[in-house]
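For reference, the structure discussed in these notes is given below.
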Amino acid sequence: MVKKLLEYGIKNYSINELTVNEDNPLAIAFYQHMGLKTYKRTPLDEEGNPYPLLYMKKYTG
């Protein structure tokens with residue numbers, strides 16, 4: 001189900017970036033499997049809490 005939603009967002013809305021909590025290895029592995037790569041890491045989330053985020057992007061080409 002999540003795979004289909006991600007594929008739909010990529011195809012129909014040109015979504016090619018997302019953020020994921022670094023403490024969620026299953027999500028990271030899933031997104032890597034879907035072709036996304038980490039391009040940035042922050043030690044805090046967007047609200048300044050100590051939850052490290054990985055910024056991932058789908059590269060085409």
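From a predicted model like this one, the values you see are computed outputs, not experimental measurements. Heavy atoms only: backbone and side chains are in, while hydrogens, waters and symmetry mates are out.
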Do Y31 and Y59 belong to the same hydrophobic cluster, where Ile, Leu, Val, Met, Phe, Trp and Tyr are linked whenever their side-chain heavy atoms lie under 4.5 Å apart, directly or via other members?
no

Can you give me the closest heavy-atom contact between V20 and M56, atom names plus distance?
CG1-SD, 3.7 Å

Atom of P50, atom of L44 and distance for their closest heavy-atom approach
CA-CD2, 3.7 Å

Under a 4.5 Å side-chain heavy-atom rule over Ile, Leu, Val, Met, Phe, Trp and Tyr, are Y39 and L18 clustered together?
no

Can you name the residues that form a side-chain contact (heavy atoms from CB on, under 4.5 Å) with D45, not counting sequence neighbours?
E47, N49, Y51, L53

Assigning hydrophobic clusters by single linkage (Ile, Leu, Val, Met, Phe, Trp, Tyr; side-chain heavy-atom cutoff under 4.5 Å), is M34 placed with Y55?
no

Look up atom CG in L36 and atom CG in L54, then write down how far apart they are to the nearest 0.5 Å.
11.5 Å

Quick one: do I28 and F30 end up in the same hydrophobic cluster if we chain Ile, Leu, Val, Met, Phe, Trp and Tyr together by side-chain heavy atoms under 4.5 Å apart?
yes

